[in-house]
> 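Structure incoming, see below.
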Amino acid sequence: MIDIKILREDLEGIREGLAKKKFECDLDRLLELDKQRREAVALAEEKRAAQKAANQAMAKLPKGSDEFQAKLKEMKVLAGEVKELESASKEVNEQWKSVLLTIPNVPHESVPVGKNETDNQQIDTWGDVDALVSEHAVAHYDIPWFEQKIDFPRGVKVTGAGFPFYVGDMARLVRALIQFFLNEAAAGGYEEVLAPLVVNEASATATGQLPDKEGQMYSDQNENLYLIPTAEVPVTNFFRDEILEEKELPVNRCAYTPCFRREAGSWGKEVRGLNRLHQFDKVELVKWVHPEKSYEELEGLRKDAESLLQKLELPYRVLLICSGDIGFPHAKQYDLEVWAGGQKRWLEVSSCSNFTDFQARRANIRFRPQGGKPEVVHTLNGSALAIPRVLAAILENNLQEDGRVRVPKVLQPLYGGEFIG
RNA sequence: GGAGGGGUGGCAGAGUGGCCGAAUGCGCCGGUCUUGAAAACCGGAGUGCCGCAAGGUACCGUGGGUUCGAAUCCCACCCCCUCCGCCA
C-alpha cells in the first residue's frame, strides 16, 4: 500500500502518478477517511485517558465505601462514552484500511505513459530472429509427436483444460530446465528455497493478489487458502512482520514452484498448446533491498533473467511496460519476450518488477538502519524463467528438418542427450 | 481424528482483577575499571498510532465478551507440545 503520510503531503503528486495507471481508486475518499480517522482516534484516546486517571484514583478508595459507590456511578457513565468513541474510531479505521488496500502503487517517473500493451516500449533485443526463419518451422503444437510428449487430452480427462502431462524425455527436459535455472540462480547469489504452494489470506493480501484478484487464484474455501499463482507470494511473505538488519540487505532468493492460475475469461485461440496453462512451472527470483538501491537492483535482476535466454540461445526482446499495462503493485516492470519461430510470435517468459515499498508496507517487512527507527524495505521479483513458453520457443526454434528438436547445449548434460523427438 | 497441557519483551521465565508496558536471569548497546580483554559495577534499550511538541494511547497468540477497571475471568478461533489413533 501507499504511504499515507506522503499522500497527506502531496495529494496532487500521487493523483497524477496514479492517473497514468488504469486502476480505479478514490483518493479523495481515502483522504476524507484519513481525516475522520485521526479525529476519531484523538477523541477516543482523550476520553480513555480520563477514564484511566479516574480509575487509578478509584483504586485507592476503600471498596464499598460511600465514596467508592458514588464514584462508581460516575465511572459507569464514562465507561459507556469510552466504549462508544472507541467503536466509532475502530469502524472508521477499518474503512480507511480497506480503501487504502485498493490504491495501487505509483509508477516510477521512468515508466512511459500509455494506455495498454501497445504502448509498451521495446528497449532492447538479443539474438537474430531472421536466422531462425525456415520453411519447415511450425508452431510447437503442430509438431507431429507433440501430443505424445505433452499430453493435453489426458490432462483434460484427469483434471481439465490447461493441465497437461509431460511424458518421457519431455518430462526430463522440463526437469533439466528447472535444474538449469536453479543452478544459474544459485551461481548468481540467490539462495534457494522450496516454498509452500498454498498460502493464507494474509499472504495473498500482502503481495497484492487480494483483495481484488480472487479470479486469478484457485482457492480452498473450507480453509481460506489459496494455490499460489507465483512463488512471489510465499517467498516474499517469508519475512512478513519481521525487521531485518540493514547489513543483511540485499537478501536474494530463488525458488522453483509450480504456479496455478485460473485465467478466468482469458481462454481463446491465442493460448493453444503451451502458450497459456492453468498449471505451469517457474523459477522465481526475489529480492529484499535497501530503498535507495531498488532501481539499481531491478536492472541487475533483469540482466540475471536475460542471461538465461542468452545461454539457451533464444532470441528475445526487452519491453519496458507502460503505465497502462503495468500491474497493481508494480512501480516499474520489464518483460522479457522470447521469439517463437513457428508461431512467429513473441512469448512473455519473464516479468521483472520493482514493487518499491508497496508490498513491504502491506507485508510489514522492515529493516533497521544503523541505530535508527525501522524503515520499510523494497521488494523486487522476476521470473527466471517461466518454463512452458521457454519450452515452446525451444521446440519451435530448434526444430530440424528431420523432425527432431535440438536441445540447447547448456541443457544437454542435465537432460542427458542432444535431441528430443 | 480423540484426550490432556500450553502460547507473556531477542531468549528463558514470573505474574490469577486496580500498585503491570509488565519482576528476575541471560543476551544486546553505552560507560567505569584494565596495558588489552574477561569479571565486577553503573546506565540504556520494544513496536504501532495520534500530536508541532510536551505528552497521550494501543499492543501479554487472534477476535469478541464480562467489569468502573483485564496479561489475569468468560466464549470462539489459530498455533505449539505430550499421549493415543491414522498415515508418506
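Here is the naming used below: chain letters follow the sequence lines, and residue numbers restart at 1 for every chain.
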> Applying side chain to side chain contact (heavy atoms under 4.5 Å, CB included), can you list everything that pairs with A:Leu43, at least two apart in sequence or on another chain?
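If we apply the side chain to side chain contact (heavy atoms under 4.5 Å, CB included) test to A:Leu43, skipping adjacent residues, the hits are A:Leu85.
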
> Could you tell me whether the side chain of A:Asp151 and the main chain of A:Arg154 form a donor-acceptor pair under 3.5 Å?
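Side chain of A:Asp151 to backbone of A:Arg154, a donor-acceptor pair under 3.5 Å: yes, one is there.
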
> Classify A:Glu74 by what it touches in the nucleic acid, base, sugar-phosphate, or nothing, heavy-atom distance under 4.0 Å.
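Counting heavy atoms under 4.0 Å across all strands, no contact is made by A:Glu74.
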
> Taking any strand in view, what nucleotide pairs with B:G9 in a Watson-Crick or G-U wobble way, both distances under 3.5 Å?
none

> Which residue lies toward the 5' end of RNA chain B, A:Val41 or A:Leu72, if each is placed at its nearest nucleotide?
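Checking each residue's closest nucleotide, the 5'-ward one belongs to A:Val41.
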
> Would you measure the distance from the P atom in B:G43 across to the matching atom in B:C26 and give it in whole Å?
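Those two atoms are separated by 15 Å.
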
> Considering only the C1' atoms, how many Å lie between B:G13 and B:C29, rounded to the nearest integer?
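After rounding to an integer number of Å, I get 23 Å for this pair.
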
> Remember a base hit wins even if backbone is also touched, and classify A:Lys71 as base, sugar-phosphate or nothing at under 4.0 Å, heavy atoms.
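Since no nucleic acid heavy atom lies under 4.0 Å of A:Lys71, the category is nothing.
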
> Is it the case that the ring center of A:Phe355 lies less than 6.0 angstrom away from the ring center of A:His378?
no

> Under 4.0 Å, heavy atoms only, any strand: does A:Lys73 hit a base, just the sugar-phosphate, or nothing?
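Since no nucleic acid heavy atom lies under 4.0 Å of A:Lys73, the category is nothing.
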
> Just to be sure I understand the rule, does A:Arg8 reach a base, reach only the sugar-phosphate, or reach nothing, if contact means heavy atoms closer than 4.0 Å?
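The answer is sugar-phosphate, as A:Arg8 gets under 4.0 Å only of primed atoms, P, OP1 or OP2.
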
> Report the residue from A:Gln333, A:Lys21, A:Lys332 that forms a side chain to side chain contact (heavy atoms under 4.5 Å, CB included) with A:Val111.
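The single option meeting the side chain to side chain contact (heavy atoms under 4.5 Å, CB included) with A:Val111 is A:Lys332.
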
> Looking only at atom C1', what distance separates B:U16 and B:C73, rounded to whole Å?
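Roughly 9 Å separates the two C1' atoms.
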
> Please table the atom pairs, donor to acceptor, closer than 3.5 Å between any side-chain atom in residues 88-97 of chain A and protein atoms at least two apart or in another chain.
unit_1, atom_1, unit_2, atom_2, d
A:Asn93, OD1, A:Arg37, NE, 2.9
A:Trp96, NE1, A:Asp34, OD1, 3.3

> Considering every strand shown, what is the Watson-Crick or G-U wobble mate of B:C83 when both distances are under 3.5 Å?
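Paired with B:C83, as far as the under-3.5 Å criterion goes, is B:G2.
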
> Looking at A:Phe280, is A:Arg261 sitting on its ring face, NZ or CZ under 6.0 Å from the six-membered ring centre and within 45 degrees of the normal?
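The answer is no, since A:Arg261 fails at least one limit relative to A:Phe280.
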
> Would you please name every residue forming a side chain to side chain contact (heavy atoms under 4.5 Å, CB included) with A:Glu192, sequence neighbours left out?
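A:Glu192 satisfies side chain to side chain contact (heavy atoms under 4.5 Å, CB included) with A:Leu182, A:Cys254 once adjacent residues are dropped.
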
> Suppose you measure atom C1' in B:C74 against the same atom in B:C42; what distance do you get, rounded to whole Å?
47 Å

> For the C1' atoms, the ones on B:G46 and on B:G27, what distance do you get once it is rounded to whole angstrom?
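Straight-line distance between the two C1' atoms is 15 Å.
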
> Does the structure show a Watson-Crick or G-U wobble partner for B:G69, both distances under 3.5 Å? Name it, or say none.
none

> Using purine N1 to pyrimidine N3 plus N6-O4 or O6-N4 for Watson-Crick, or N1-O2 and O6-N3 for G-U wobble, each under 3.5 Å, what pairs with B:G43?
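Per the H-bond distance test, B:C29.
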
> State the pairing partner of B:G63; accept Watson-Crick or G-U wobble contacts with both distances under 3.5 Å, and report none otherwise.
B:C75

> Taking the C1' atom in each of B:A71 and B:G9, what is the distance between them to the nearest angstrom?
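Nearest-Å result for B:A71 against B:G9 at atom C1': 13 Å.
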
> Reading RNA chain B 5' to 3', which nucleotide is the first, and which the last, to come under 4.0 Å of any heavy atom in chain A?
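Under 4.0 Å from chain A, the extent on RNA chain B is B:G18 to B:G69.
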
> Less than 6.0 Å separating the ring centroids of A:Tyr218 and A:Tyr226?
no

> By ring-ring contact (aromatic ring centres under 6.0 Å, His included), which residues pair with A:Phe367, not counting sequence neighbours?
A:His290

> Please compare A:Ile243 and A:Ala50 by the position of their nearest nucleotide in RNA chain B and report the one closer to 5'.
A:Ile243

> Quick check on A:Gln400: does its CD atom have over 12 non-hydrogen neighbours (other residues, nucleotides or ligands) under 6.0 Å away?
yes

> Using the C1' atom on both, measure B:U8 against B:C59 and round to a whole Å.
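Rounded to whole Å, the distance is 12 Å.
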
> Using the P atom on both, measure B:A70 against B:G25 and round to a whole Å.
30 Å

> Hey, can you pull the residues of residues 80-97 of chain A with a non-hydrogen atom under 4.0 angstrom from RNA chain B?
A:Lys83, A:Lys90

